[in-house]
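Worksheet: the structure to be examined is printed underneath.
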2 protein chains.
Amino acid sequence: MLELRHLRTLNALDETGSISLAAQRVHLTQSAVSHQIKALQEYYQLPIIQRSGHAVQLTDAGKRLVQLAGKILGEVQSAERDLAKISRQAAGSLRIVLECHTCFDWLMPIMDDFRQHWPEVELDLVSGFHSDPVSLLRQQVADVVIGSENKPQQGIIHFPLFRFEILAVLAPGHVLGSKRILEAADFAQDVLITYPVPEERIDLIRQVLMPAGVSWQRRTTELTVAILQLVASRRGIAALPGWGIKNYLDYEYVIARRIGTNGLWSDLYLSVREQDASLRYLRDFLETIDQVCFARLDGIKPLSKKERGKTKREAGKTKGSKKIGQSFSELRMIARYKLL
Amino acid sequence: MLELRHLRTLNALDETGSISLAAQRVHLTQSAVSHQIKALQEYYQLPIIQRSGHAVQLTDAGKRLVQLAGKILGEVQSAERDLAKISRQAAGSLRIVLECHTCFDWLMPIMDDFRQHWPEVELDLVSGFHSDPVSLLRQQVADVVIGSENKPQQGIIHFPLFRFEILAVLAPGHVLGSKRILEAADFAQDVLITYPVPEERIDLIRQVLMPAGVSWQRRTTELTVAILQLVASRRGIAALPGWGIKNYLDYEYVIARRIGTNGLWSDLYLSVREQDASLRYLRDFLETIDQVCFARLDGIKPLSKKERGKTKREAGKTKGSKKIGQSFSELRMIARYKLL
DNA sequence: AGCATATATGAAAATTATTCATGTTTATCT
DNA sequence: AGATAAACATGAATAATTTTCATATATGCT
């Protein structure tokens, strides 16, 4: 029997074009998705996907179901927003601390979207830099932290957002451009341009330069465009998220190179106080982030189970309070479909 | 997590206004529906139903979900019809044998609806009377029998439709009208007006008069209206399904009385060859019958598990062929929502 | 009050979904 | 070409969820 679960999976499959990626998006294993599709094919006595070599393609039948998913999942989300309004969970506050500076880029449109749907939620960005952003949650100064923190802490829940690659950004024609991959030592040759945050908050420094014992020169500026402008005018090099510089790369304003053989990756989490974790508008916010980011940001990956603070099963067991149909997986499970 | 299952149940709940009836409609126990609703309420942290005494009423939240169900379930059915077309299961034949004469009343509009959705299925009524209608399935003369047969037979599957009450129909002012309930003996006093079918096919005779050893006089005619006309003009009395005479009762053209303390009830099944049981258009036909009948026919009841030829669990075990995601329950499980 | 009817609920059972471990196929690299 | 890696499939085991069963509770009726 067809269920919404299937439609959510098919939707992810449509967007990712791959069973394993779709599986990550819906927080299942590749095997689970494979079984789901098999079940659907047997139920309808029809092939849903077609394999052309490695890539999977949706058949006409598959496309029809994806179309159904598109229509339906939006309706479901909209109904659930209405339910939140009915239950008066529609008011509250969402004060956001952004640990990752570049994230402004994708967060802004999401905030605009959110404001439309939740006019009664006070939406704010908590400005300034903070050494321990999560403590702001405890102090009730902020309600949400978007950052890399994922260590389990009493009373705090970390929702995984996604993993992205940090690329070295160079001026076109820069000498280092001749290398396909940059190593720690390469960064000693030029000025490093960063946001004005403490060294330990800069992934390149913490994870690459310091471990390698390489020294560096640094120059800071507030805005991403300013960093890029400096790089392009050969004042130095930078390290920025791949999705943040996509446009500049396309116009060959700057060029990018991988850092280290496997690349330099960073994980993003959204942290909240435990008691806020089931707030409707918070869930909707999470859902929107997922939808928008996976649809629009290039080269990001879902955080797989291993990278998560808690696994689904542990979470179920850990929960002391009465189960109210809101296991961790449910909190996290998100309808992924294209925004209209 | 919300699933289509919940929406189907809520829809039934909306239409029946009762948990137990809704349960019958979706072929679950009352307990299961109760649990489902409880889970939903806990998931959304909202009451979905309100109890005013015995009757259950949907809250605003419940109504919003029903509204969602209305939008969504129609889309699902429509997508599934498209899938059938894609799989070329859209062509075939549906030759129907009607054992119950009065059933023309509700079947006609259903056939019209069906013809629209399945233009490539040859739709026919097999006319004439047949002592063993199910054998027509074996002889490939018909594809579907709608009747009271429900004894398990090799190669035949009986899908339960519904149970309805057969009422005695009298002219207004008829002497028997003074009784609230008619007994077998009462039928000896007047002419019995029936369709021209063998005695053993008339429930009143087989189940009431013959067991009681009462004799009767009979007069036959083809059409339901003709029977009613004869009754109204005091040429005799008749026994007809409650829903078949609703309009005539409303206009007081005739009156109706229960037969026996518990009433005379008849069960209707739809029988097909086993190999046809998973045909898409057949399922759709079944689905439509369910929707239309439960929405429009007065006083019918779903057939509960006990009345069914096979139970869900037995069926699963019995099936010899490889399970292909189409257990008996799935074959039977029907999205019930209002036709547009 | 007592009975019949409708719903709720905890525990057991059944069913279904997911993961794990592994196999197969296709693509890539040397 | 052969080895290796990547993506998907699949059977069996396990986990999770759903349903039923057996009652309990509440309501309405006579």
Side-chain angles (χ1 to χ4, degrees), chain A residues 1-6 8-9 13 16-24 26-43 47-58 262 304-306 311-317 319 322-330 333, chain B residues 1-6 8-9 13 16-24 26-43 47-57 262 301 304-306 311-317 319 322-330 333:
Chain A
M1 196 81 174
L2 186 70
E3 289 293 353
L4 290 176
R5 166 169 26 96
H6 300 119
R8 296 187 240 258
T9 312
L13 187 57
T16 61
S18 136
I19 295 212
S20 2
L21 289 183
Q24 291 191 284
V26 294
H27 305 296
L28 290 173
T29 59
Q30 168 266 316
S31 175
V33 171
S34 209
H35 280 299
Q36 267 193 14
I37 287 164
K38 192 183 173 197
L40 277 182
Q41 301 195 130
E42 284 170 351
Y43 178 66
I48 305 282
I49 57 172
Q50 218 169 2
R51 184 148 306 89
S52 60
H54 259 176
V56 290
Q57 272 197 313
L58 287 162
N262 298 314
S304 62
K305 302 236 141 78
K306 284 141 208 159
T311 67
K312 182 176 178 181
R313 293 182 188 192
E314 284 162 19
K317 285 166 195 158
K319 257 190 109 100
K322 201 188 167 202
K323 199 184 172 189
I324 52 166
Q326 298 178 332
S327 70
F328 186 76
S329 85
E330 284 167 337
M333 184 59 66
Chain B
M1 194 81 173
L2 186 71
E3 289 292 354
L4 291 176
R5 169 167 26 96
H6 300 118
R8 297 187 241 258
T9 308
L13 187 57
T16 61
S18 133
I19 298 219
S20 2
L21 289 182
Q24 289 191 286
V26 293
H27 304 295
L28 289 174
T29 58
Q30 167 266 315
S31 175
V33 171
S34 207
H35 280 298
Q36 268 193 13
I37 287 166
K38 192 184 172 193
L40 278 181
Q41 302 195 131
E42 284 171 351
Y43 177 67
I48 304 282
I49 56 174
Q50 219 169 1
R51 186 147 308 89
S52 60
H54 258 174
V56 289
Q57 270 198 314
N262 298 315
K301 298 182 185 180
S304 62
K305 303 236 139 85
K306 285 139 207 163
T311 69
K312 185 176 178 181
R313 296 185 184 187
E314 283 162 19
K317 286 166 196 161
K319 260 191 103 105
K322 200 188 168 202
K323 197 185 172 188
I324 53 167
Q326 299 178 330
S327 70
F328 185 75
S329 87
E330 283 168 336
M333 185 59 66

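Nothing here was measured: the structure is a model prediction, and the numbers come from that model. Every chain is numbered from 1 and lettered A, B, ... according to where its sequence line falls, protein lines coming before strand lines.
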message: Show the nearest heavy-atom pair for residues Ile19(B) and Ser34(B), with the distance to one decimal.
response: CG2-N, 4.3 Å

query: For Ser20(B), which residues count as a side-chain contact (heavy atoms from CB on, under 4.5 Å) partner, sequence neighbours excluded?
result: Ser18(B), Gln30(B)

query: Could you give the CG-to-C1' distance, from Leu2(A) to dT16(C), as a whole number of Å?
result: 15 Å

- prompt: If every non-hydrogen atom of Arg51(A) is compared with every non-hydrogen atom of Val56(A), which pair is closest and at what distance?
  reply: NH2-CG1, 3.4 Å

query: OP1 or OP2 of dT18(D) less than 4.0 angstrom from a side-chain nitrogen or oxygen of Gln36(B), does that happen here?
result: no

- line: Between CD of Gln50(A) and P of dC8(D) the distance, given in whole Å, is 15 Å

- prompt: At under 4.0 Å between heavy atoms, what does Ser20(B) touch on the DNA or RNA strands: base, sugar-phosphate, or nothing?
  reply: sugar-phosphate

task: Give the nucleotide from the list dC8(D), dA17(C), dT7(C) with an atom nearest to the side chain of Arg5(A).
output: dA17(C)

- request: To the nearest Å, give me how far apart CG (Leu21(B)) and C1' (dT7(C)) are.
  value: 12 Å

- prompt: Rounded to whole angstrom units, what separation is found between the CG atom of Leu40(A) and the P atom of dA9(D)?
  reply: 13 Å

message: Distance check, rounded to the nearest 0.5 Å: Arg5(B) atom CZ versus Leu28(B) atom CG?
response: 9.5 Å

Check: Gln41(B) side chain, Ile48(B) main-chain N or O, donor-acceptor pair, under 3.5 Å: yes

- prompt: Whole Å only: how far is the CZ atom of Arg8(B) from the C1' atom of dT18(D)?
  reply: 15 Å

query: Which pair of heavy atoms, one from Leu58(A) and one from Leu13(A), lies closest together, and at what distance?
result: CD2-CD2, 4.4 Å

field: Pairing residues for His6(B) by the side-chain contact (heavy atoms from CB on, under 4.5 Å) criterion, not counting sequence neighbours
entry: Leu2(B), Glu3(B), Gln36(B), Leu40(B)

message: In this structure, how many angstroms lie between the P atom of dT19(D) and the CD1 atom of Ile19(B), rounded?
response: 14 Å

- request: Would you sort out whether His35(A) and Ser31(A) count as a side chain to side chain contact (heavy atoms under 4.5 Å, CB included), showing the intermediate values?
  value: CA-CA 6 Å; His35(A) 280 299; Ser31(A) 175; 3.5 Å; yes

- prompt: So, is Lys38(B) near the phosphate of dG10(C), with a side-chain N or O under 4.0 Å from OP1 or OP2?
  reply: yes

- request: Rounded off to whole Å, could you give me the CG-to-C1' distance for the Leu13(B) and dT7(C) pair?
  value: 12 Å

Short N/O separations, protein against nucleotides 20-29 of chain C, under 3.5 angstrom:
unit_1: dC20(C); atom_1: N4; unit_2: Ser31(A); atom_2: OG; d: 2.6
unit_1: dT26(C); atom_1: O2; unit_2: His54(A); atom_2: NE2; d: 3.4

task: Round to a whole Å and report the spacing from CD1 of Ile48(B) to C1' of dA8(C).
output: 16 Å

message: To the nearest 10°, give me the bend of the helix from dA1(C)-dT30(D) to dT30(C)-dA1(D), comparing the axes of its five terminal pairs at either end.
response: 30°

- prompt: For the residue pair Thr16(A) and Ala22(A), what are the closest heavy atoms and their distance?
  reply: OG1-N, 3.4 Å

